[in-house]
Amino acid sequence: MNNIPGKITMSEWSEIFNSLPEKIIERYCYYNNNEWGRYLQPPATFFVYGARELKRLKFDNSLAALRMWGFVFNESERLFRAKQSGKKVIATCGDLGTVPVIIMGFPDCIPFYPECIWWTPFFNESNVLLEPAHQLGAPEAACFSKAALGAFYKRAYFPKPDLIFASTGASCDDYSCVLQLIEGLGYEIEWLEIPYRRGFDYPERFVKYLTNEYERVYKKMKNLTNFDKPEQLAETIKKINRLRLRVEEIKALVYNADISPLPALELMVIEFGNLYGYADIDEWLDIVDMIYETVKQRVAAHQGVLSPDAVPVAWITPSADPYLLNLIEDYGMRVVETEYVINQALVKIEEAIEPFTALAKSFMKASLIGSTRERIARIQKAVAAGRIKGIIITNMLGASHCAMETGLIGYYLRDVPSITIDVPAPSGITEQIKNRLMAFAETLRQGYYE
Amino acid sequence: MVLGIDIGSCYTKAVLFDGQIKEKMVIKTSLRPVEAIEQVKEKLTGYKEIAATGYGRNLIHNAQKVITEITAFAYGAMYIEPGIKTIIDIGGQDSKVIKLNRGVVERFVMNDRCAAGTGNFIEKTARALDLSLESFGQLAVKSDKPETIDSLCVVMAETEILSLAAENKKLEDIVAGLCDALVRRIAALGAQVKIEPPILLCGGGALNQGIIKSMNRILGKVIVPEAPQFLGALGAALCLNPICRN
Amino acid sequence: MNDILNARERFGLLVIDEKPDRCNIIPLITSHAAMVNKTRLRDYYTDGEIMARAQIAAIEEYGHDAISIFSEVGIIAEAMGSKFDYPDDDLPILRTPALSRQSIGEIKIPEPENDGRLPIYLDAINYAYRAVGDRIPILAYIPAPFTTGMMLSEPENFLIQTIREPDRVKEIMDKALDAAIKFSYEIINAGALPMIVDPLASSSVISPRIFKEFVLPYERRLINFLHRYDLDIILHICGETGPILDILPETGADLISLDQVDLKKAINSLSKRMRIIGNFDTSELAMMMPGEISQAVKHMVAQAKNSTKGYIAATGCEVPIRTPRENIKAFIKSAKEAGWYWE
């Protein structure tokens with residue numbers, strides 16, 4: 001393996017992979033299964049299976065990152081294998097980060113987020129999941145989370161869930177509608193009502209209300225599994241906290257290093273891992289630890305993957321198209337703060353109080369259940385501290401929280417240059433978008449060195 | 001002497017510069033940027049370095065410097081009128097509003113997704129009215145009571161034109177109404193960066209008297225340079241100038 | 001029943017032990033595609049884009065489940081120095097084997113991007129992958145070392161040498177293996193799934209003993225290389241395979257494409273360890289009437305569709321170039337009907 005950190009292409013990864021010793025490839029398996037659980041594969045493997053965008057993406061060249069990508073790209077197979085080997089597969093929709101904590105407390109129960117499949121059309125540069133969604137009633141202009149509708153219809157991306165929990169209320173409106181269409185396909189859905197936060201200080205009764213909702217999730221799970229050990233939840237919270245803390249440490253290292261030790265794309269994948277550990281939380285924890293070690297070593301050695309003079313920016317709303325995260329680095333920027341609508345999954349859950357209440361309290365920090373101002377409070381802090389020279393906002397066309405919110409975000413953060421990119425359909429990133437990003441980078445650079 | 005070249009989607013503009021503009025030329029790009037570049041290089045000679053901007057900028061392989069139009073416009077504007085705070089560019093396929101702070105780009109917005117607010121809007125509607133671009137501008141200036149046209153979209157605007165014509169409205173008022181519609185679109189775009197005077201208008205749209213009149217009325221007085229469509233090429237040339245480099 | 005999945009999704013489920021909407025249907029439609037697209041055969045195998053376009057046209061015409069990038073088994077041997085003639089309306093024909101002019105030592109491992117017609121394969125894959133790669137798997141047929149070895153030598157000589165000069169044969173095959181690995185590597189990076197073809201390793205040509213000594217180890221090494229990438233590897237052997245059925249799992253192949261063998265027997269001995277592909281008789285496909293084909297295909301699919309590790313309805317060998325289109329349509333239609341799994 002090359003010890004000099006950098007970003008490499010798919011074919012460069014293949015070359016390195018060719019010289020990897022067998023014992024390293026054998027080492028990494030999900031669900032501890034050596035027969036079908038191996039996942040250390042280079043991007044080219046997933047390219048052969050249709051992930052077409054991998055040819056134009058660049059990846060971190062560490063073994064830890066390779067391991068991470070292999071693991072993440074294997075999720076679809078992993079969910080099927082879970083079901084084949086007798087585990088229960090539970091779809092947790094729309095809440096992004098909290099219901100899975102309850103699910104993980106039940107033995108052999110695997111939570112996953114069907115909406116996370118919104119990246120698939122982009123990785124595959126394909127409308128294969130979007131077309132059936134449109135035919136089934138999702139409007140063309142709706143948020144890309146509609147890929148989940150296509151996936152539920154096709155039954156080829158994850159197994160039929162044993163239970164489906166879905167959030168509605170102060171959750172993503174589009175996805176809530178998508179879920180109703182999914183229900184229309186004949187899937188039974190257990191709905192959770194999410195309250196609106198109404199300010200940084202929310203009334204205590206909201207916590208009580210949410211606690212009840214979570215207890216209802218627990219009961220459903222108890223009925224499904226005949227397992228009843230509420231004290232297990234406290235243990236799961238500890239495990240989840242370990243993950244969340246580790247990710248926070250990685251982010252702090254990456255954001256504060258002189259030279260960025262990890263690309264924005266890999267870091268985004270890590271942040272989203274907080275939601276549910278990509279369907280094998282124990283293995284994911286191990287991967288995140290390995291990434292942490294890699295990042296720590298790089299920082300100590302003053303080595304990184306980007307140029308030392310990359311201009312620091314914040315990223316708001318995750319880009320459905322991973323390629324954008326690559327591009328901004330090509331143009332000389334680096335991401336040092338993010339708001340990916342998953343605030344709730346990044347914070348520590350209180351361990352000293354009753355676990356369901358602790359979960360409810362942690363969820364009250366959710367990005368989507370309050371005002372825009374609350375959502376971007378963290379970014380504003382970073383702006384005030386002078387850590388950020390520019391802001392990139394990805395606007396998901398049709399996503400209801402984007403349509404109005406993107407303008408508001410720009411307004412609240414008007415003291416810093418910002419750019420809004422409307423994320424086009426798969427493989428739709430045009431020269432115009434590149435031109436705008438490049439111009440933005442030039443602008444920041446001029447301001448930066450003024 | 002340096003060659004600044006701006007390969008736009010509709011026209012390729014170039015200037016020879018050595019402290020002042022020595023020579024300039026403009027030719028149609030017509031989706032054949034490489035040919036346009038060749039023609040420029042044949043006609044304009046005697047330069048030592050090339051700087052490129054515009055959508056086709058990466059097609060010039062021996063350019064010493066390649067920058068986006070945003071930065072190029074900023075350089076160009078500072079040369080023309082150092083105090084400029086806002087640049088409005090109306091190009092063939094896109095339009096931009098650039099906010100400057102002491103000559104440095106502070107923020108910018110671009111409309112590059114559809115024809116609304118671009119030269120294309122004028123070209124298409126002029127065609128629908130069977131007018132040349134020149135007579136379009138001249139007619140618009142004559143109007144003192146522009147019609148209200150609400151649609152910013154070319155396709156929708158065409159339907160509106162039809163119904164106005166059916167109501168026997170004056171052609172000059174319709175045309176002026178179209179100019180207003182375009183400027184209102186730019187104003188909405190520019191609100192994101194807060195348009196402040198002095199405003200410099202550039203790009204092919206700045207050749208249209210009707211647009212200038214609407215701008216003056218809606219946004220306040222705009223400054224129109226002598227050769228507004230060359231601002232990008234000039235800015236590119238200037239970025240090779242040692243003073244600008246620092 | 002109308003398809004719910006596309007070919008890529010269908011194949012994806014098969015290789016992770018899940019039942020798709022219906023069984024995969026991959027008759028080996030190779031050069032026959034040139035006929036569908038009314039392309040001269042010589043153009044088909046000398047121009048990658050033409051090959052890809054013909055393959056896509058064939059998919060549009062028939063709706064089967066994979067693109068097949070292949071012309072003939074000499075492709076690697078040619079890049080190593082064997083000379084082939086290119087008739088206008090037929091496949092390349094071996095004229096001078098490399099080893100009749102050169103020593104083994106002089107034979108170079110080819111560069112897939114430059115040598116012989118290997119670049120044509122890569123062009124074809126690139127084109128097809130860009131066009132339909134998100135919905136249709138692309139199979140690139142790689143001649144296994146034994147077959148390439150034979151195409152580097154005078155075929156009869158090669159067979160005799162397996163007995164008289166086994167070391168020499170192995171030396172040749174080592175090179176053929178290296179060439180196959182290098183070529184497979186480029187194929188993967190272009191987006192296709194390498195499928196190993198070893199037609200000359202058929203029991204119609206060699207004995208099980210020779211298979212064990214000369215074929216098996218090399219197939220296994222090639223497959224081991226591909227398995228590092230966790231790819232699901234198809235091994236195709238034409239002709240008779242009855243006598244070697246029990247040995248086939250030792251190659252490591254995940255899917256086995258069979259030709260002349262009793263399907264029931266093959267399922268019994270292999271289906272717990274390999275996914276079965278096959279095995280409609282191609283001469284019957286070319287000669288029978290569509291109605292008869294439908295009957296026979298339905299029988300075949302019913303027999304095999306519930307094989308433990310899954311099944312792909314296919315022909316036993318390449319679809320003969322001039323097979324009537326109606327026959328292929330009958331094959332696919334009846335395989336779709338008989339191969340439906342979902343409720």
Side-chain angles (χ1 to χ4, degrees), chain A residues 9-15 17-22 24-26 36-55 70 73-74 76-81 83-85 120-121 123-129 131-132 150-151 153-159 426-427, chain C residues 2-22 66-67 113 122 125-126 128-140 181-182 184-195 224-233 254 273 309 341-343:
Chain A
T9 61
M10 179 184 91
S11 46
E12 286 168 323
W13 247 132
S14 297
E15 269 173 50
F17 184 81
N18 259 354
S19 55
L20 271 190
E22 207 63 32
I24 291 183
I25 298 173
E26 284 167 11
W36 41 248
R38 283 192 200 177
Y39 64 83
L40 193 76
Q41 290 125 30
T45 295
F46 305 100
F47 185 65
V48 167
Y49 286 118
R52 297 198 289 185
E53 194 174 50
L54 302 188
K55 192 158 197 164
F73 281 129
N74 255 312
S76 181
E77 173 172 355
R78 180 155 54 250
L79 289 167
F80 280 108
R81 295 298 187 192
K83 187 114 182 187
Q84 286 167 9
S85 53
T120 302
F123 275 125
N124 292 3
E125 294 181 346
S126 173
N127 287 317
V128 158
L129 283 170
E131 276 163 9
Y153 169 72
K154 291 214 161 210
R155 297 193 264 164
Y157 294 81
F158 41 76
S427 72
Chain C
N2 284 330
D3 287 355
I4 293 171
L5 304 181
N6 63 39
R8 197 176 266 300
E9 292 159 343
R10 198 169 284 123
F11 189 78
L13 285 182
L14 170 76
V15 297
I16 58 167
D17 301 309
E18 287 289 323
K19 283 216 159 67
D21 54 349
R22 60 165 169 80
I67 296 244
E113 291 187 350
L122 298 177
I125 294 166
N126 283 325
Y129 190 80
R130 269 198 306 272
V132 296
D134 62 326
R135 39 196 87 200
I136 301 165
I138 297 160
L139 304 176
I181 285 178
K182 203 163 174 185
S184 306
Y185 173 81
E186 295 300 334
I187 279 172
I188 294 167
N189 283 286
L193 183 63
M195 160 171 157
N224 279 349
F225 169 78
L226 295 167
H227 271 172
R228 284 171 58 91
Y229 283 79
D230 198 35
L231 296 171
D232 298 278
I233 299 307
D254 306 278
R273 299 167 70 187
K309 284 186 78 68
Y341 290 118
W342 285 0
E343 290 152 23

(request) Could you look at Lys55(A) and say if it's the side chain, the backbone, both or neither that has a heavy atom under 4.5 Å from chain C? (result) side chain
(message) Using heavy-atom distances under 4.5 Å, tell me whether Tyr185(C) contacts chain A through its side chain, its backbone, both, or neither.
(response) side chain
(message) Measuring from atom CD of Gln41(A) to atom OH of Tyr229(C), what distance do you get when rounded to the nearest 0.5 angstrom?
(response) 11.0 Å
(request) Taking the side chain as every heavy atom from C-beta outward, state whether Phe80(A) and Leu13(C) have any pair of such atoms under 4.5 Å apart. (result) yes
(message) I'd like to check Phe225(C) versus Asn18(A) (side-chain heavy atoms, cut-off strictly below 4.5 Å). Are they in contact?
(response) yes
(request) Sort Glu53(A) into side chain, backbone, both or neither according to what part of it lies under 4.5 angstrom from a heavy atom of chain C. (result) neither
(message) Less than 4.5 Å to any heavy atom of chain C: does that hold for the side chain of Arg52(A), its backbone, both, or neither?
(response) both
(request) Could you tell me how the ring of Tyr49(A) sits relative to the ring of Phe11(C): parallel (under 30°), tilted (30 to 60°) or perpendicular (over 60°)? (result) parallel
(request) Run the salt-bridge test on Arg81(A) and Glu18(C) with the 4.0 Å N-O cut-off and return the result as yes or no. (result) no
(message) Which atoms of Arg10(C) are under 4.5 Å from chain A, going by heavy atoms: the side chain, the backbone, both sets, or neither?
(response) neither
(message) One pair to check against side chain to side chain contact (heavy atoms under 4.5 Å, CB included): Tyr39(A) and Asp230(C). What are the steps and the verdict?
(response) CA-CA 8 Å; Tyr39(A) 64 83; Asp230(C) 198 35; over 6 Å; no
(message) So for Arg228(C), is it side chain, backbone, both, or neither that comes closer than 4.5 Å to the heavy atoms of chain A?
(response) both
(request) Below 4.5 Å from any heavy atom of chain C, which atoms of Glu22(A) appear? Answer side chain, backbone, both or neither. (result) both
(message) Check this for me: does any side-chain nitrogen of one of Lys154(A) and Asp21(C) sit under 4.0 Å from a carboxylate oxygen of the other?
(response) no
(request) May I ask you to test the Tyr153(A)-Ile4(C) pair for a side-chain heavy-atom distance under 4.5 Å? (result) yes
(request) Quick one: do Glu9(C) and Val128(A) satisfy side chain to side chain contact (heavy atoms under 4.5 Å, CB included)? Show the steps, please. (result) CA-CA 10 Å; Glu9(C) 292 159 343; Val128(A) 158; 3.1 Å; yes
(message) Taking side chain as everything from C-beta outward and backbone as N, CA, C, O, which of these in Gln84(A) sits under 4.5 Å from a heavy atom of chain C? Side chain, backbone, both or neither.
(response) side chain
(request) Could you verify whether a donor N or O on one side chain and an acceptor N or O on the other, from Asn189(C) and Ser11(A), lie under 3.5 Å apart? (result) no
(message) Looking only at heavy atoms and a cut-off of under 4.5 Å, which of Thr45(A), Val48(A), Leu54(A) has the most pairs with chain C?
(response) Val48(A)
(message) Just so I understand: if I count every heavy-atom pair under 4.5 Å between each of Phe17(A), Phe47(A), Trp36(A) and chain C, which residue has the most?
(response) Phe47(A)
(message) Please check: side-chain N/O of Ser126(A) versus main-chain N/O of Asp134(C), any donor-acceptor pairing under 3.5 Å?
(response) no
